[in-house]
Structure formats: C-alpha cells, structure tokens
Amino acid sequence: MKKINNIIELKNISISFDGEKILDNLNLCIKNREFVTFLGPSGCGKTTILKIIAGFLKPNSGQILFDGENINKIPPYKRNVNTVFQRYALFPHLNVFDNIAFGLKIQNLPKNEIKYRVSRLLKVVNLEGFEKRKPSQLSGGQQQRIAIARALVNRPKILLLDEPLSALDLKLRKEMQLELKEMQQKLNTTFIYVTHDQEEALTMSDTIVVMNEGKVQQIGSPEEVYNEPQNAFVADFIGQSNILNGIMLEDYKVSFAQKEFECVDKGFKSKQPVDVVIRPEDLQIISKNKSNAKFTGVIDSVVFKGVHYEIEVFAQDMYWLVHTTKYFKKGEKVGLTFNPDDIHIMSKLFNQTTNVLSAEVIEHNKIKFMDIVFEKEDLNIDVGSNVKLTIPPNSISLVSSDFADLVLTLDSIIYKGAYNEMYFYLDDKDNNNQYILVTSENEEEVGTELGLKFDFNKVEVKRCE
Amino acid sequence: MKSKLVPKICIIFALIFLYLPIIVVIIFAFNKTKSRTVFNGPTLSWFFELFKDHSIMTSLLNSFILAILASIIATVIGTMAALQIVKMKKSSQSVIMSLNYIPIINSDIVMGISLMLLMTFILNIIGGHLGFLTVLIAHITLCMPYVILTIIPKIKQTDPNLLEAALDLGCTPSKAFFKVILPQITPGIISAFIMAFSISFDDFAVSYFTTGSSFQTLPVLIYSMARKRITPKINALFAIMFVLILLMLIVMNYLDIKSEKTLKKKSLSSN
C-alpha cells in the first residue's frame, strides 16, 4: 500500500498572545504537492499557522513535523520554506534582479547559476526585462509577481502565501488566481495559501481548511466544503445560504419553517435540533398555483447581479434568498420549491436552544446571578438555595451598554431567515464555559461588545435538585 | 497684487534679519584695520594671519576631531538604542521618549555644570584631570538624545515584514540587519550624524565646564579671546566656515534634485 505523504503535520498546536488563545490544540496534516488554503474571517488564526510553519512564531505547545521531522527548534532561515507576504515586503533599496537573487546570494551560489535561475523565474512570472527597476517603480501586480519569484527562486518545498492578492483590484486578482494555480501545477510544489475570500479559496485549492476562532471547522475539497458544509458557520462563510432552525423527526424526515420535509440525511437523534441549509441557487421560484410548491410567498426584493438575480421571497414568516436567471417583479405572489437532496442538515454549532444559568436566592423573593439581582414574586424557595434560571433567547434585548445588565463580546452571528442568532461567550465563576444565546433582528459584527438586557418576567426559576 | 506684496516683504525682511550679521562678519574679515565700526578698504592679510595663528589652528583641529569622534560614537550608540526602543511596548516607549526629551529641552549650561560636577567627583576617586576624554564623554551625552530622536521615525517607517522576509530567504538575524534593515535606515543615520556633528562642533557651554587647560575647543578659545579683544582673524575664520557650509548645502541640494529627476524620468518611461 502506498504511504500517504504528509509534508507538514501540526500536532496539538496551541498559541496565545496576551492571554488570548489564538490557536487551540490544532491538529492538521498537509499533503505534499497540494494547494491548501486556510480560509476564515480575520482573527481566526490562519496567518498564525503560516507564521508557525515559517518559523516566525513559536507555539506555546505542540509539535511541527516537516517531512516527518520535528522542526520546532529550527530557526526560519534554516527551513526549506519561503513566504510571499501580504504587502510583498520587497527590499526597496534593491532592484528587481537583486531582490529575486537575494536568497541565492545568501547561499553563495555561483554567479552564472544565480543569473540563470533569476532570468528563468522572471520568465515564469512574465516580467522579463524588468531586472533594473526598483520596486517603487512597479505596479502592485508586478510587485506581487516579483515577491512570488523571490520566494520560488530558492526552490522551497513549501511556498507560504499570506493573502497575497488582497491589495490588487478585482480583475487582476482573478487573473493572478489562475496564474498561481497554473504555477503550482507546473512547479509541483506545495502551496499553503491564506485568505478570507471564499471565492479565491474555491477557485484555486485542492484542499480547503475552513477556520474560525482558532479551530478547524472543516477540511475538504472545494466541492465538499461548498456542497456539504459541516456546520452552519461553514455554510454561512462559504457562499450565501439560507440557514434555518429545524428539528430532525426521524431518519430522512426533518421539520422546519412550520412544515415537514423529506430529506436525504440520517443518523441524528430523534427530535434533535439541527441547522438546515438550503443554497440560494437550489431554491426555485415557480407559479404559486403549482402543486409542487412547498410554500407560497411574496417577492420582497430583486437585485440584478450580472449572471443572476438575487431575489428575496417572504414566505412562512421568513425571508428566503434565491438566485435565479429568471426575472420576477417585486410584490408578485409566487411559490417556492426545492428537492430533498437540496436540504443539507447539520448538527448545531452551539448545542443550545435556550439559556440555563445557575443562580442563588439571596433574600425573600430576590435572586442573584453574576452580580445581577432581580425580584420574582411568589417565589416559594428558601433563602440561600441554588436555583436554575431558564432565560428564553427572545427575552434578552440588545441595548446600549449604559442601560445593560451585562456587557459581553459577540462570538457568532448567523441569520436564520427572520432573525439573527447570536452567541456570547460567558466567563463567570458559577456559569463558566458557556454561551448566552440571543435572538434579535439587529445586525452586529463579531467581536463587538454589546449590552444585554433581560426581561425578568419571562425568566423561569427552578430549584436545583 | 497688494496681497502678494506683503508676504514677499515679510520673507525679504526675515532673510535680512538672518543674514545681515553674517554679511557684516564677512565684510569686516576683509577690513584693513582692526576697527569694528569703520571699513578702511579691503585686504586679505587677516586670512594669512589666521593660518599662522597656532592657538586658533590647534583649537580648530581639536574641535573637528572632537566633533567627529563624539558624533560617530553618539550615532552608533544612539542607533542601537533606537532599534531596541521601537521593539518595546507602547507605554514604556513613551516613557523612554520623554526621558530622552528632557536633556534636549534642558539648557546646555545646566547640563555642562552637572556633567562637570559628576566628572570631578569621579576623577577625584579614580584620579586624573579634566581634558579631552571628559569633553568627549560630555559631547556624546549631549548629542545622543538628538540622534535617537532623528532615527526612531526612520525605523518606524520601515516595513516590519522586511526583517521576516530576509530571515525567510535564509539570512541569519545579524545578516538580515546589515543587508536589509541598515540600508533602510541609512538616510536617518546620516542626518543624525550631521546633526550630532554640528551640535558638538559649535557647543560652548558643555565644553567650557568639562574641559581642562590642556584641551581647548574653538568656541572656548573664541570666548577667552573675546574677553580681551576680538581680532579680525576670527572674522576671517567665520567667513571661511560660512562659505564651506554654503558649498556643502549647494552640493547636497544638487544631488537631491538630480536623484529626484532620474526617479521621475524612470517612472515616466515605465508607464
């Protein structure tokens, strides 16, 4: 049997800055000669992985294996790895030739070999005749190519690329995406690419590693990641999606949007809450009278996007995003339909449908949790006993922090057709390592601090057993 | 039209204000008699006498050697310090920078006297006299804050990725510094050096208090001469120095303009 050839293996890698965990016990293998892309929002730890492989950062714990050998202690200048930096980092005092030849001169190679290799690389990146120019005299795209040539001329086993195309305009970026992919196939080198642009990742990669908050969410080919997202985060981040709350009734049967549907997924517990994903291009708008219409609704908005129309349909109390090449008028009554295999079922990112917190009765009819004290009438529980509070997600409202009971940082937000599902990480001595779920129509950004106000009339109190 | 005339007059007035004293010195360098009030016709004799004056020539040489040594040492130490300062946390960086500002704002005479007190205190223990070495140390102290202040912005301007790029391409950290970082901050180092040189060369207060009888700098000598009567030889010396500085400025400006022009030409031809 052929042995799988891993060029990089990351084992139990953890790293934190100023007490904040950036990577949390990461395990990952990268196959030789693959084009691997780390995809995720900013701050998810993808650039940190690149810096660990290059040697600019040392993990707090864990092992880095290169061709099966531990390279934790090898300094960056002794690793057979080269990097293309986000802002190119060309040496401004050297001309194009000397920039590309830099690594070869450090290795003390003979002059004619340096000349041969540099001119060959200039041909690869299509910039022959630019040897004498200074980096400041080149356009962004040209500087980018020089940065790639400067890294590749050393014939690294791995080329690391840190969002190298983010500073280029759209058209040039698309051209460079194809060129990079072509280059990787021609040179037969492992490329490890970091980006937050999902389209870029889908275009170029053999394998995509989707990351969020220092953790791997899914590893797979572009097709796998797009067609079978493992959780709502991946579905939301890669492409556009309709993500809904559903309940798995039994194998091949799911309920969402107040109806029951046949689907192709199985293996969930009965009555398990799940996330249901339907891609906008899988939804079809049909005449409302047709018998196969799953719902009927009204066209709420139509936006022309070049290849398709982006249409929002209001049906079953929620908005459905549809991509279609056919035009529909705003306000038109239509039907919506989809096939069973268009329904993607995934277990919930956070296994939580409501909030349950520990609290204590401190006085007659007074309850305290996390420095918040509130009154509850007709509470027949002894002073000093511990209780569990059930706080429904829709009983918490977002307010300015001056009026808030609690200020927390938003960790995750997913649009569920009619409202946003927000998760806030809570770190309290009685309620540690848990999330607070809030449903709201507000649109907020991950990482912002928001004020939470509780409606204590809707809170249920139960004595702890 | 009127509105343009007023600023023009202002500029001319400012220039006269700045350069009239220098012009007077140069004119009187060619005066036949020793008079400082009446011009009695031109001569070059003061220039010849200047070069024959042993004490002026020695102190000029002293000042020159002192300024060169002090500014080189201050630039080297200051550059190393600046490179470390930028690596510090923001809060400690601002503390260091304010500490660096205090000697600059502080008057030279305070610095001179405190350096003298410190040095005589130390010399009292280890033995020795005030002289070349004490002035040199004092001048390094005097110049260093200016060096740090000039170089830090230049270091901050350089892309932090450049160092990583050099390491990535196989440089050891020290090689990366000399091949990549140093060339980036060289213009800053040169201007820091020029500034240190000029501060050291025309310093009077610090030199006066920290030097002994064995070593006299030019400003100290001129001060002691002025207590009796200033000779027109000094006027001749100033005239020569002024012309030299003027020539240096012209050459530097010319080089600047030339390099800018070639840059423009190249960028035009590349488009």
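Every chain is numbered from 1 and lettered A, B, ... according to where its sequence line falls, protein lines coming before strand lines. Predicted model, so just to flag it, every value in this text is computed and none were measured.
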Would you mind reporting whether B:L162 and A:P92 have side-chain heavy atoms less than 4.5 Å apart?
-> yes
Rounded to the nearest 0.5 angstrom, the OH-CG distance for A:Y77 and B:L167 is 8.0 Å
Interface moiety of A:N82 toward chain B, non-hydrogen atoms closer than 4.5 Å | both
Gap between atom CG of A:L94 and atom NZ of B:K179 - 0.5 Å precision | 8.5 Å
Verify the neighbour count for atom OH of B:Y101: are there more than 12 heavy atoms of other residues, nucleotides or ligands below 6.0 Å?
-> no
Might you confirm whether atom CD of A:E20 has over 12 heavy atoms from other residues, nucleotides or ligands at distances under 6.0 Å?
-> no
Mark yes when over 12 heavy atoms from residues, nucleotides or ligands other than B:F64 sit less than 6.0 Å from its CZ; otherwise mark no.
-> no
Step through the shown structure and confirm whether more than 12 heavy atoms of other residues, nucleotides or ligands are within 6.0 Å of CZ on A:F17.
-> yes
Between the main-chain N or O of B:L182 and the side-chain N or O of A:H93, is there a donor-acceptor pair closer than 3.5 Å?
-> no
Against chain B, label A:L104 side chain, backbone, both or neither, depending on which of its atoms sit under 4.5 Å from a heavy atom there.
-> neither
If you take all heavy atoms of A:A89 and B:A165, which pair is closest and at what distance?
-> O-CB, 3.9 Å
At a heavy-atom separation under 4.5 Å, does B:K175 approach chain A through its side chain, its backbone, both, or neither?
-> side chain
B:A166, part contacting chain A, at a heavy-atom distance under 4.5 Å | both
A:F56 and B:E164: which non-hydrogen atoms are nearest, and at how many Å?
-> CZ-O, 3.3 Å
Chain A contact via B:D168 - side chain, backbone, both or neither, heavy atoms under 4.5 Å | both
With a cut-off of 6.0 Å (strictly less than), are more than 12 heavy atoms of other residues, nucleotides or ligands near NZ of A:K181?
-> yes
Side chains of B:L169 and A:I106: does their closest heavy-atom pair fall under 4.5 Å?
-> no
Against chain B, label A:R150 side chain, backbone, both or neither, depending on which of its atoms sit under 4.5 Å from a heavy atom there.
-> both
Report, as yes or no, whether the 6.0 Å neighbourhood of atom CZ on A:R173 holds more than 12 heavy atoms from other residues, nucleotides or ligands.
-> yes
If one checks every heavy atom of A:K51 against chain B at 4.5 Å, the contacting part turns out to be side chain
Under 4.5 Å from a heavy atom of chain B, the part of A:F102 involved | side chain
